[in-house]
**Q** 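One structure is given below, represented as structure tokens, and several questions about it will come after.
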Amino acid sequence: MSEPVLRRMQYRDVKQVAALEKATFARPWSEASFRREVEENRVARYLVAEEQGEIIGYAGAWIVLDECHITNIAVAEQARGRGVGRRLLDALLRYMSNLGAAWADLEVRVSNLRAQGLYTGAGFVSVGKRKKYYEDNGEDAFLMVCEHLPPADPDFEEEPVEPEDGAGKGNE
């Protein structure tokens with residue numbers, strides 16, 4: 001099987017990303033939330049992993065000054081264990097570095113050992129615990145930080161978000 005294509009999330013991806021979010025998380029973000037991230041949130045950046053026209057993973061972050069806060073990462077169940085999450089995380093960290101981030105942080109459920117392994121493998125360390133962070137069950141979250149982002153690419157040019165008009169519209 002070929003490697004998925006990693007690229008910036010576009011308007012046409014919002015529906016698939018929201019569906020993947022719903023299939024992955026107990027308290028998923030809505031399609032409207034992802035649409036706002038693309039349309040209105042000037043600090044938000046999202047990448048998708050696409051395979052044969054299907055979004056099989058995504059990763060998002062907010063960048064403020066030199067801080068990157070990773071908001072969410074998800075990989076479709078059928079694509080897990082193939083390194084898609086690691087490729088998305090690595091690409092997201094490089095993207096954030098290219099935009100000026102010097103470090104990254106995130107929260108992860110204390111019970112999510114797979115995600116913790118992914119983050120630790122990428123250089124994140126646990127620096128604390130947020131008590132009762134998750135609203136669905138009151139579970140604690142580890143706060144993890146990575147202070148060693150990849151070096152910025154001096155030739156980086158950010159991929160634009162395509163205009164919504166005509167993008168992703170089916171037969172109407």
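Heavy-atom basis, side chains included; hydrogens, waters and symmetry copies ignored. Here, residue 1 is the first one in the sequence, and each next residue gets the next number.
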**Q** Crowded around Glu158 CD? As in, over 12 foreign heavy atoms under 6.0 Å?
**A** yes
**Q** Using 0.5 Å steps for rounding, measure from the SG atom of Cys68 to the CG atom of Asp105.
**A**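 Spacing of SG (Cys68) from CG (Asp105) equals 7.5 Å.
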**Q** Any side-chain to backbone donor/acceptor pair from Arg80 onto Val75? Under 3.5 Å, distance only.
**A**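 Such a contact is found between Arg80 side chain and Val75 backbone.
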**Q** Report the distance from atom NE2 of His148 to atom CG of Leu93, rounding to the nearest 0.5 Å.
**A** 12.5 Å
**Q** Only counting residues at least two apart or in another chain, list the ones meeting salt bridge (charged side-chain N to carboxylate O under 4.0 Å, His left out) with Asp136.
**A**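 Listed in chain order: Arg109.
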**Q** Got a sec: does the CD of Glu147 have more than 12 other heavy atoms crowding it under 6.0 Å?
**A**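 Open: at most 12 neighbouring heavy atoms sit under 6.0 Å from CD of Glu147.
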**Q** Can you name the nearest heavy-atom pair linking Ala104 to Leu149, along with the distance?
**A**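 So the two residues come closest at N-CD1, 3.7 Å.
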**Q** Walk me through it: do Met9 and Val17 pass the test side chain to side chain contact (heavy atoms under 4.5 Å, CB included)?
**A** CA-CA 9 Å; Met9 186 170 92; Val17 167; 3.6 Å; yes
**Q** Using 0.5 Å steps for rounding, measure from the OG atom of Ser33 to the CG atom of Asn41.
**A**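 Rounded to the nearest 0.5 Å, the OG-CG separation comes to 11.0 Å.
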**Q** Does the side chain to side chain contact (heavy atoms under 4.5 Å, CB included) test come out yes or no for Ile70 and Phe124, once each step is laid out?
**A** CA-CA 12 Å; Ile70 296 176; Phe124 283 81; 3.8 Å; yes
**Q** Would you kindly confirm whether Val43 and Val161 end up in one hydrophobic cluster when ILVMFWY residues are joined by side chain heavy atoms under 4.5 Å apart?
**A**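 As far as the 4.5 Å side-chain criterion goes, Val161 and Val43 are connected within one cluster.
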**Q** Taking atom types as modelled and ignoring hydrogens, do the side chains of Gln78 and Glu54 form a donor-acceptor contact shorter than 3.5 angstrom?
**A**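 Yes.
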**Q** Regarding Glu67 and Trp62, do their side chains bring together a donor and an acceptor under 3.5 Å, going by distance alone?
**A**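 Trp62 and Glu67 do not have a side-chain donor-acceptor pair below 3.5 Å.
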**Q** Please answer whether the main-chain N or O of Ile56 pairs with a side-chain N or O of Glu50 as donor and acceptor at a distance below 3.5 Å.
**A** no
**Q** Any side-chain to backbone donor/acceptor pair from Glu159 onto Arg8? Under 3.5 Å, distance only.
**A**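 Pair found, side chain donor or acceptor close to backbone of Arg8.
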**Q** Please report the closest heavy-atom contact between Ser97 and Pro151, naming both atoms and the distance.
**A** OG-C, 3.6 Å
**Q** Where is the tightest heavy-atom contact between Ile55 and Arg7, given as atom of each residue plus distance?
**A**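 In terms of heavy atoms, the two residues are closest at CD1-NH2, 3.9 Å.
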**Q** Do you know which of Arg130, Lys129, Lys132 makes salt bridge (Lys or Arg N to Asp or Glu O under 4.0 Å) with Glu107?
**A**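 Exactly one candidate clears the test, Arg130.
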**Q** Check the pair Met96 / Arg45 against side chain to side chain contact (heavy atoms under 4.5 Å, CB included), numbers first and verdict last.
**A** CA-CA 8 Å; Met96 294 295 105; Arg45 298 295 189 280; 3.5 Å; yes
**Q** Spell out, as yes or no, whether a donor-acceptor pair under 3.5 Å connects the side chain of Thr24 to the backbone of Leu20.
**A**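 Yes; judged by distance alone, with no hydrogens or angles, the pair exists.
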**Q** Does Ser126 use its side chain to pair, donor to acceptor, with the backbone of Met144 at less than 3.5 Å?
**A** no
**Q** Could you give me the CA-CA distance, side-chain angles and deciding distance for His69 and Val64, then say whether side chain to side chain contact (heavy atoms under 4.5 Å, CB included) is met?
**A** CA-CA 8 Å; His69 176 73; Val64 178; over 6 Å; no
**Q** Is Val145 reachable from Leu89 through a run of hydrophobic residues whose side-chain heavy atoms are each under 4.5 Å from the next?
**A** no
**Q** Please state whether the rings of Tyr46 and Trp29 are parallel, tilted or perpendicular, taking 30° and 60° as the class boundaries.
**A** perpendicular
**Q** Give a yes or no on whether a salt bridge exists between Arg82 and Glu51, defined as a side-chain N under 4.0 angstrom from a carboxylate O.
**A** yes
**Q** To the nearest 0.5 Å, what is the distance between CG (Leu106) and OH (Tyr119)?
**A**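 One gets 5.5 Å once the value is rounded to the nearest 0.5 Å.
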**Q** Are Leu118 and Val125 linked, directly or through other ILVMFWY residues, by side chains that come within less than 4.5 angstrom of each other?
**A** no
**Q** Glu40 vs Arg36, test: salt bridge (charged side-chain N to carboxylate O under 4.0 Å, His left out). Steps then yes/no.
**A** CA-CA 5 Å; Glu40 300 170 18; Arg36 277 191 301 276; 5.3 Å; no
**Q** Does Leu92 belong to the same Ile/Leu/Val/Met/Phe/Trp/Tyr cluster as Phe34, with side-chain heavy atoms less than 4.5 Å apart forming each link?
**A**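 No, because Leu92 and Phe34 fall into different hydrophobic clusters, even though each may have its own neighbours under 4.5 Å.
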**Q** Side-chain heavy atoms under 4.5 angstrom apart, residues restricted to Ile, Leu, Val, Met, Phe, Trp, Tyr: same cluster for Ile73 and Val48?
**A** no
**Q** Kindly give the heavy-atom pair with the smallest separation between Ala122 and Cys146, and that separation in Å.
**A**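 Looks like O-SG, 3.9 Å.
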**Q** Using the test ring pair (Phe, Tyr, Trp, His ring centres under 6.0 Å), find all partners of Phe156 that sit at least two apart in sequence or belong to another chain.
**A**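 Partners of Phe156 under the ring pair (Phe, Tyr, Trp, His ring centres under 6.0 Å) test: Tyr95.
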**Q** For the side chain of Asp90 and the backbone of Arg87, is there at least one donor-acceptor N/O pair under 3.5 Å apart?
**A** no
**Q** Can you tell me if Gln116 uses its side chain to pair, donor with acceptor, with the backbone of Val108 under 3.5 Å?
**A**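 Absent.
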**Q** Looking only at non-hydrogen atoms, find the nearest pair between Pro163 and Tyr11 and report the distance.
**A**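 That closest heavy-atom pairing would be C-CD1, 4.0 Å.
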**Q** Which heavy-atom pair separates Ala152 from Asn98 by the least distance, and what is that distance?
**A**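 Ala152 and Asn98 have their closest heavy atoms at CA-OD1, 3.2 Å.
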